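Please see the structure below; I have some questions.
Source: prediction; values computed, not measured.
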Amino acid sequence: IPPFSFMGLSDSAHDQFLCSRIWARDKCPASADPVWKGERYRHERIRVAYLSADFHEHVMAYRLAGLFEAHDRRRFEITGVSFGPDVPNRMRERLKRAFDRFIDVRLSDDRQVARLLRELEIDIAVDLNGFTTGGRTRIFASRAAPVQASYLGYPGSMGADYIDYILADRCVIPEQHFPCYTEKVVFLPETYQVNDSKRVISGRMPTRAEAGLPERGFVFCSFNNSYKISPMVFDAWMRLLGKVEGSLLWLVDSSATAVRNLRNEAAARGIAPDRLVFAPKIGHEDYLARHRLADLALDTLPYNGHGTTSDALWAGLPVLTCLGNAMPGRVAASVLTAVGLPELVTCSLEEYEALATSLVQEPARLQRIRDKLASNRLTYPLFDTERFTRHLEAAFEQMWRMHGQGEAPRHFSVTPLNSQ
């Protein structure tokens, strides 16, 4: 089974690791003829290349654009290597400007791209896709750079010895999970998830009627992809709707099939199908503003909302999560902690359901959480792009220093800025 698909089905870090290991050995084994053969590079600046299929209007681009712009050009030379669609739009143009060098390699095969990175003498190659849609792992299997790292796009081990590091934090990968990673884990302080503090939220919030919502009733929402809605989480959601009279569940309209199936499943659990309302896809700024019509966002398990959790928080909407046993199910807990709302992290679905119920029954308590989020949003680490960038750069410098000293990759932690 493709490892990314398996993440939506399994809550076991060990089983996810085995899935990746099997896949990597079968589909993208290490090349017997690596492109980089141990040559030593000597550059004034560390040359970092980010490789992605998502350098366009994509959730990953909205996370990363500010990072690319914030890199310290005195110490780093930043290259973007794109193998995704070349669709002219504002995000594509912004990304092109954000890099020192932007290269479209859609028409090149994996080996050619690996050779290109060797010719450019890239010091650190960062895989932003992993086993997600459009990923090209075989570029890394050819050992395109002396140091190769996985970040953000794929929340787990690649199971491949040619990926040296994975960037994480102590919440998403606790030390007891090290055996479930072929990579060495680099702990970033405060949060592993980058966010762009420049993202604009539309100044116009739609009315409830315009959004297809009734004028009254508590609005639970989850704008996570429909494949993340597991039966056990859906059961909890339906029980909540049963307990909270007049409430509704606001979901994303991902497909006619998903809408039909979810409504049928609601009916099978005794909930009127029209209490599930589906939001159409709209522009990013309007999508963010739309969150303000909801009262509480409900997270999924075993695969949390990652970007969608940050989207909701950026828009001022509290998110309730349940901590999972593997990285995909631990990201929302990390994100909530980084914005100062650990009280919204639960450790079981029973606790998750009970807290959701109490927040509905205690509107003053929920309002205090909303006020706290409003206060923390621009002062806590989650949305501090500059601070995150300095931490990531410290990680890159440590990786490169160790390589230069002939050390093998090893686990290490980055010291937060105010402790340096």
Side-chain angles (χ1 to χ4, degrees), residues 1 5-12 208-209 211-281 290-291 293-306 308-309 311-312 317-326 328-333 344-363 365-366:
I1 185 171
S5 300
F6 189 62
M7 286 180 165
L9 304 173
S10 169
D11 193 33
S12 165
R208 286 176 65 128
L213 302 171
E215 288 303 318
R216 287 189 171 84
F218 193 95
V219 178
F220 296 106
C221 92
S222 180
F223 290 153
N224 296 350
N225 283 312
S226 58
Y227 70 82
K228 296 183 178 181
I229 303 175
S230 63
M232 61 181 181
V233 165
F234 193 75
D235 285 343
W237 291 352
M238 294 305 99
R239 287 193 295 269
L240 282 171
L241 292 185
K243 293 174 186 174
V244 183
E245 184 178 355
S247 63
L248 57 98
L249 179 61
W250 199 16
L251 304 170
V252 66
D253 185 352
S254 56
S255 72
T257 301
V259 170
R260 181 179 65 251
N261 289 346
L262 289 168
R263 281 183 167 156
N264 286 343
E265 292 297 326
R269 290 161 174 79
I271 299 297
D274 62 2
R275 292 180 69 185
L276 273 60
V277 179
F278 291 86
K281 293 181 179 179
R290 186 167 64 186
H291 285 80
L293 293 173
D295 296 297
L296 180 66
L298 299 174
D299 197 17
T300 46
L301 198 71
Y303 200 138
N304 293 165
H306 294 188
T308 47
T309 298
D311 291 342
L317 176 64
V319 180
L320 175 62
T321 193
C322 181
L323 183 67
N325 295 312
R330 303 178 68 87
V331 170
L344 292 177
V345 179
T346 62
C347 294
S348 70
L349 283 176
E350 292 76 19
E351 184 186 348
Y352 169 95
E353 189 176 333
L355 181 53
T357 303
S358 68
L359 289 173
V360 176
Q361 295 171 343
E362 302 175 55
R365 180 183 179 190
L366 181 56

Report task. Quick one: list whatever passes side chain to side chain donor-acceptor pair (under 3.5 Å) with Tyr303, sequence neighbours left out. Result ->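 Scan of Tyr303 (side chain to side chain donor-acceptor pair (under 3.5 Å), adjacent residues dropped) gives none.
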**Report entry** Value rounded to 0.5 Å, distance of CG in Leu9 from NZ in Lys228
**Finding:**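 Answer rounded to 0.5 Å: 13.0 Å.
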**Report entry** Shortest non-hydrogen contact between Cys221 and Leu317, atoms and distance
**Finding:**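 In this case the closest contact between Cys221 and Leu317 is SG-CD2, 3.6 Å.
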Query raised in the report: With Phe278, which of Leu262, Val252, Leu249 fulfils side chain to side chain contact (heavy atoms under 4.5 Å, CB included)?
Result: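 Between Phe278 and the candidates, side chain to side chain contact (heavy atoms under 4.5 Å, CB included) is satisfied uniquely by Leu262.
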Query - Nearest heavy atoms of Gly8 and Pro302, plus distance in Å - result: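 For Gly8 versus Pro302, the nearest heavy atoms are O-CG, 3.7 Å.
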Report, one line per pair, each donor and acceptor closer than 3.5 Å where one atom sits in a side chain of residues 319-326; sequence neighbours left out.
from, atom 1, to, atom 2, distance (Å)
Thr321, OG1, Asp299, OD2, 2.5
Asn325, ND2, Asp11, OD2, 2.9

Query raised in the report: Looking at residues at least two apart in the chain, or sitting in another chain, which of them share a salt bridge (charged side-chain N to carboxylate O under 4.0 Å, His left out) with Asp235?
Result: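 For Asp235 the salt bridge (charged side-chain N to carboxylate O under 4.0 Å, His left out) partners, ignoring immediate neighbours, are Arg269.
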Report task. Indicate the atoms forming the closest heavy-atom contact of Met238 with Ala266, along with that distance. Result ->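 Where Met238 meets Ala266 most closely, the heavy atoms are SD-CB, 3.7 Å.
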Query - Nearest atoms (heavy-atom pairs only) where Gly212 meets Val277 - result: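 Gly212 and Val277 have their closest heavy atoms at O-CG1, 3.5 Å.
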Report task. Provide the closest heavy-atom pair for Pro280 versus Arg290 in the form atom of the first, atom of the second, distance. Result ->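 Looking at all heavy atoms of both residues, the closest pair is O-NH1, 2.8 Å.
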Query raised in the report: Could you give the distance from OG (Ser255) to OH (Tyr227), rounded to the nearest 0.5 Å?
Result: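 The distance works out to 13.5 Å.
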**Report entry** Working for side-chain contact (heavy atoms from CB on, under 4.5 Å), residues Val360 and Leu240
**Finding:** CA-CA 10 Å; Val360 176; Leu240 282 171; over 6 Å; no
Requested in this report: To the nearest 0.5 angstrom, please state how far the CG atom of Asp311 sits from the NE2 atom of His291.
Outcome: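 The distance works out to 5.5 Å.
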Query raised in the report: How far apart are the C-alpha atoms of Asp253 and Lys281, what are their side-chain angles, what is the distance that settles it, and do they pass the side-chain contact (heavy atoms from CB on, under 4.5 Å) test?
Result: CA-CA 7 Å; Asp253 185 352; Lys281 293 181 179 179; over 6 Å; no
Query - Pairs involving residues 242-252, ordered by first then second residue, that meet salt bridge (charged side-chain N to carboxylate O under 4.0 Å, His left out) (sequence neighbours left out) - result: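 Residue pairs with at least one partner in residues 242-252: Lys243-Glu353.
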Requested in this report: Look up atom CZ in Phe234 and atom CD1 in Ile271, then write down how far apart they are to the nearest 0.5 Å.
Outcome: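 Result: 9.0 Å between the selected atoms.
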**Report entry** Candidates Leu296, Thr308, Thr300, Ile229 - the one meeting side chain to side chain contact (heavy atoms under 4.5 Å, CB included) with Ser222
**Finding:**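 It is Thr300; the other options fail the test.
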Query raised in the report: Tell me the ring pair (Phe, Tyr, Trp, His ring centres under 6.0 Å) pairs involving residues 249-272, sequence neighbours left out?
Result: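 Checked against ring pair (Phe, Tyr, Trp, His ring centres under 6.0 Å) - neighbours excluded - the pairs reaching residues 249-272 are Phe223-Trp250.
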Query raised in the report: Is the side chain of Thr309 donor-acceptor paired with the backbone N or O of Gly305 at a distance under 3.5 Å, no angle test?
Result: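 Side chain of Thr309 to backbone of Gly305, a donor-acceptor pair under 3.5 Å: yes, one is there.
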Query raised in the report: Quick one: CG on Leu359 to CZ on Phe220, what's the gap to the nearest 0.5 Å?
Result: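 Spacing of CG (Leu359) from CZ (Phe220) equals 9.0 Å.
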**Report entry** With sequence neighbours excluded, residues passing side chain to side chain donor-acceptor pair (under 3.5 Å) with Ser254
**Finding:**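 Residues passing side chain to side chain donor-acceptor pair (under 3.5 Å) with Ser254: Ser226.
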Report task. Give a yes or no on whether the backbone of Leu248 and the side-chain of Arg275 come within a donor-acceptor separation of less than 3.5 Å. Result ->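 It does not hold such a pair.
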Query raised in the report: Out of curiosity, Leu276 CG to Leu241 CG, how far, rounded to the nearest 0.5 Å?
Result: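 Between Leu276 CG and Leu241 CG, I get 6.5 Å after rounding to 0.5 Å.
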Query raised in the report: What pair of heavy atoms forms the shortest contact from Leu298 to Ala356, and how long is it?
Result: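 Here Leu298 and Ala356 meet closest at CD2-CB, 4.4 Å.
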